[in-house]
*Asks:* 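So that we are looking at the same thing, I have put the structure below in structure tokens.
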Amino acid sequence: DEITATTDPNNPDSDGDGFSDGVEVANESDPLSGGSVPPLFQVRVIKGTGNVGNIDAVINLVEGNDIAEEVVFFDKSVNFTDNLANERLFPGDRKFPFVVNEQLAVHATGPFIIDRPGTYSIGANSDDGFRVNIDGETAVEFLAGRGTRHTVGTYELSAGEHQLEFFYWQGGGGASVELYISSEPADVVVEDDANLPDESIFQLLEAGQLPTTDDDNDALPDAWETA
């Protein structure tokens, strides 16, 4: 509660960092410090006024054009469906927010952490298409309509914090998307397939952020050092 957390009862975001006090407390970040933010992706789900059938239409919506309806929330991963009874590869699906989940785009942004440097397999199980950008560069994409199928590519990642920008669209019919990564460096490539080989090495790509405290002022976060 607000009295226990000493937050401002008249301001839903006491530190002005874009995350509500309740979201921060629930995710163990400090609602009174703008430098302490929860490790979550910001997710925009946007319905268009017309057809949303390619990456250009998604970018158009993300830029604020031709929007019929939009819902913004924060989540640990990208794992969404229009039918919770039809679970995909990973459990814990979140239902798309609209009654009719067609002609829509998803735009997810935020940080994630890689513990070990190497070549990682990154992909999505999607209906329809998607694009994954990491640190401003495209890592993997499938730019056509389809039923629920996998596409996986490889991408070299250094240890540390990286920035995700994820684009997805759904035209007509069923809607679902899961964004995942190999749990260790791996070299799996899938162009467009109903099955994912070696699925046990994959996990949902989860948001994460390195602590920024540096008590000894050596330009290394304390989280990377031992006493």
Side-chain angles (χ1 to χ4, degrees), residues 40-47 52-55 57-59 61-62 71 73-98 100-110 112 114 119-134 137-155 157 162-208:
L40 299 170
F41 297 130
Q42 182 189 71
V43 181
R44 299 172 63 196
V45 184
I46 314 167
K47 288 198 78 170
V52 182
N54 54 54
I55 190 66
V58 176
I59 292 171
L61 290 172
V62 169
V71 175
F73 54 90
F74 297 95
D75 211 317
K76 190 74 174 175
S77 61
V78 174
N79 186 16
F80 308 129
T81 183
D82 64 348
N83 183 1
L84 293 177
N86 190 11
E87 191 172 86
R88 307 295 179 179
L89 184 60
F90 299 97
D93 304 76
R94 180 169 182 159
K95 196 172 187 302
F96 282 111
F98 304 120
V100 178
N101 293 288
E102 296 183 346
Q103 311 306 335
L104 61 79
V106 171
H107 184 231
T109 57
F112 67 97
I114 292 296
T119 300
Y120 283 78
S121 291
I122 303 167
N125 183 22
S126 68
D127 173 1
D128 289 307
F130 73 93
R131 171 180 287 168
V132 177
N133 286 355
I134 297 176
E137 300 289 336
T138 298
V140 60
E141 61 186 9
F142 183 84
L143 301 182
R146 64 181 180 184
T148 304
R149 295 173 72 86
H150 297 274
T151 296
V152 183
T154 59
Y155 198 74
L157 289 168
H162 298 271
Q163 291 295 321
L164 169 75
E165 185 174 25
F166 178 72
F167 304 89
Y168 159 82
W169 77 86
Q170 164 59 28
S176 65
V177 61
E178 301 171 308
L179 175 61
Y180 48 76
I181 189 170
S182 53
S183 56
E184 299 288 346
D187 189 9
V188 177
V189 175
V190 179
E191 296 293 334
D192 178 28
D193 202 299
N195 299 308
L196 180 65
D198 301 322
E199 64 181 50
S200 63
I201 71 168
F202 290 95
Q203 62 187 34
L204 290 171
L205 177 60
E206 294 192 344

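Quick note: numbers below take in every heavy atom, side chains included, and nothing from hydrogens, waters or symmetry partners. A quick note: this is a predicted structure, and the numbers were derived from the prediction, not measured.
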*Asks:* So, the side chain of Gln170 versus the backbone of Glu102: is there a donor-acceptor pair under 3.5 Å, distance only?
*Replies:*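 No; zero donor-acceptor contacts below 3.5 Å.
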*Asks:* If a pair satisfies ring-ring contact (aromatic ring centres under 6.0 Å, His included) and one of its residues is in residues 178-206, list it, with sequence neighbours excluded.
*Replies:*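 Found Phe90-Tyr180, His150-Tyr180, Tyr180-Phe202.
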*Asks:* Stepwise, does the side chain to side chain contact (heavy atoms under 4.5 Å, CB included) test hold for Thr148 with Asn86?
*Replies:* CA-CA 11 Å; Thr148 304; Asn86 190 11; over 6 Å; no
*Asks:* Check whether any side-chain heavy atom of Phe73 sits under 4.5 Å from a side-chain heavy atom of Val45, and report yes or no.
*Replies:*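 Phe73 reaches Val45 side chain to side chain.
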*Asks:* Would Val106 and Phe130 count as a side chain to side chain contact (heavy atoms under 4.5 Å, CB included) here? Give the steps.
*Replies:* CA-CA 9 Å; Val106 171; Phe130 73 93; over 6 Å; no
*Asks:* Nearest 0.5 Å, please: how far is CZ in Phe41 from NZ in Lys76?
*Replies:* 8.5 Å
*Asks:* What are the two closest non-hydrogen atoms of Tyr120 and Glu184, and how far apart are they?
*Replies:*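 What the structure gives for the nearest pair is CE2-C, 3.7 Å.
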*Asks:* Applying the side-chain contact (heavy atoms from CB on, under 4.5 Å) criterion to Phe167, which one of Leu143, Val58, Thr109 satisfies it?
*Replies:* Val58
*Asks:* If I compare all heavy atoms of Leu84 with all of Asp93, which pair ends up nearest, and what's the gap?
*Replies:*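 So the two residues come closest at CD2-O, 3.5 Å.
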*Asks:* For Glu206, is there any backbone N or O sitting under 3.5 Å from a side-chain donor or acceptor partner on Ser77?
*Replies:*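 Pair absent, no side-chain N/O of Ser77 close to backbone of Glu206.
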*Asks:* Any idea which heavy atoms bring Val52 and Leu104 closest together, and the distance?
*Replies:* CG1-O, 3.6 Å
*Asks:* Taking salt bridge (charged side-chain N to carboxylate O under 4.0 Å, His left out) as the test, write out the residues that go with Glu141, two or more places apart.
*Replies:*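 Scan of Glu141 (salt bridge (charged side-chain N to carboxylate O under 4.0 Å, His left out), adjacent residues dropped) gives Arg131.
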*Asks:* Considering residues at least two apart in sequence or located in another chain, which fulfil the salt bridge (charged side-chain N to carboxylate O under 4.0 Å, His left out) criterion with Arg149?
*Replies:* Asp192
*Asks:* Just to verify, what does Thr138 make a side-chain hydrogen bond (donor to acceptor under 3.5 Å, both in side chains) with, not counting sequence neighbours?
*Replies:*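 In terms of side-chain hydrogen bond (donor to acceptor under 3.5 Å, both in side chains), with neighbours along the sequence ignored, Thr138 is linked to Asn133.
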*Asks:* How far apart are the closest heavy atoms of Asp193 and Asn195, and which atoms are they?
*Replies:*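 Asp193 and Asn195 have their closest heavy atoms at OD1-N, 2.8 Å.
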*Asks:* Are Val189 and Thr154 close enough that some pair of their side-chain heavy atoms sits under 4.5 Å apart?
*Replies:* yes
*Asks:* For a quick test of reading the model, state the closest non-hydrogen atom pair linking Asp82 to Gly174 and the distance between them.
*Replies:* OD2-CA, 3.4 Å
*Asks:* With side chains defined as the heavy atoms from C-beta onward, is the minimum distance between Val43 and Phe166 less than 4.5 Å?
*Replies:*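 A side-chain contact is absent here, since even the closest heavy-atom pair is not under 4.5 Å.
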*Asks:* Just verifying a value: how many Å separate Ser176 OG and Leu89 CG, rounded to the nearest 0.5 Å?
*Replies:* 11.0 Å
*Asks:* Please tabulate, for side-chain N and O atoms in residues 121-129, each donor-acceptor pair with protein atoms closer than 3.5 Å (sequence neighbours left out).
*Replies:*
{"from": "Ser121", "atom 1": "OG", "to": "Ala186", "atom 2": "O", "distance (Å)": "3.3"}
{"from": "Ser121", "atom 1": "OG", "to": "Val188", "atom 2": "N", "distance (Å)": "2.7"}
{"from": "Ser121", "atom 1": "OG", "to": "Val188", "atom 2": "O", "distance (Å)": "3.0"}
{"from": "Asn125", "atom 1": "ND2", "to": "Glu178", "atom 2": "OE1", "distance (Å)": "3.0"}
{"from": "Ser126", "atom 1": "OG", "to": "Asp128", "atom 2": "O", "distance (Å)": "2.6"}
{"from": "Ser126", "atom 1": "OG", "to": "Arg146", "atom 2": "NE", "distance (Å)": "3.4"}
{"from": "Ser126", "atom 1": "OG", "to": "Arg146", "atom 2": "NH2", "distance (Å)": "2.8"}
{"from": "Asp128", "atom 1": "OD1", "to": "Arg146", "atom 2": "N", "distance (Å)": "3.0"}
{"from": "Asp128", "atom 1": "OD2", "to": "Gly171", "atom 2": "N", "distance (Å)": "2.9"}

*Asks:* Not counting sequence neighbours, which residues clear side-chain hydrogen bond (donor to acceptor under 3.5 Å, both in side chains) with Glu165? List them please.
*Replies:* His107
*Asks:* Can you tell me how far apart CG (Asp75) and CG (Leu40) are? Round to the nearest 0.5 Å.
*Replies:*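 Here the rounded value is 7.5 Å.
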*Asks:* As an exercise, state the distance from CD1 of Ile59 to CH2 of Trp169, rounded to the nearest 0.5 Å.
*Replies:*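 Nearest 0.5 Å value for the CD1-CH2 distance: 10.0 Å.
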*Asks:* Closer than 3.5 angstrom, by distance alone: can the side chain of Lys47 be matched with the main-chain N or O of Asn101 as a donor-acceptor pair?
*Replies:* no
*Asks:* Would you find a donor on one side and an acceptor on the other, under 3.5 Å apart, between the side chain of Asn79 and the backbone of Pro91?
*Replies:*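 Such a contact is found between Asn79 side chain and Pro91 backbone.
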*Asks:* Using atom types as modelled and distance alone, determine if a side-chain donor or acceptor of Gln203 lies under 3.5 Å from a backbone N or O of Leu205.
*Replies:*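 No; zero donor-acceptor contacts below 3.5 Å.
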*Asks:* So, for Gln163 and Phe112, which heavy atoms are closest and what is the spacing to 0.1 Å?
*Replies:*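 Heavy atoms of Gln163 and Phe112 come nearest at C-CE2, 4.3 Å.
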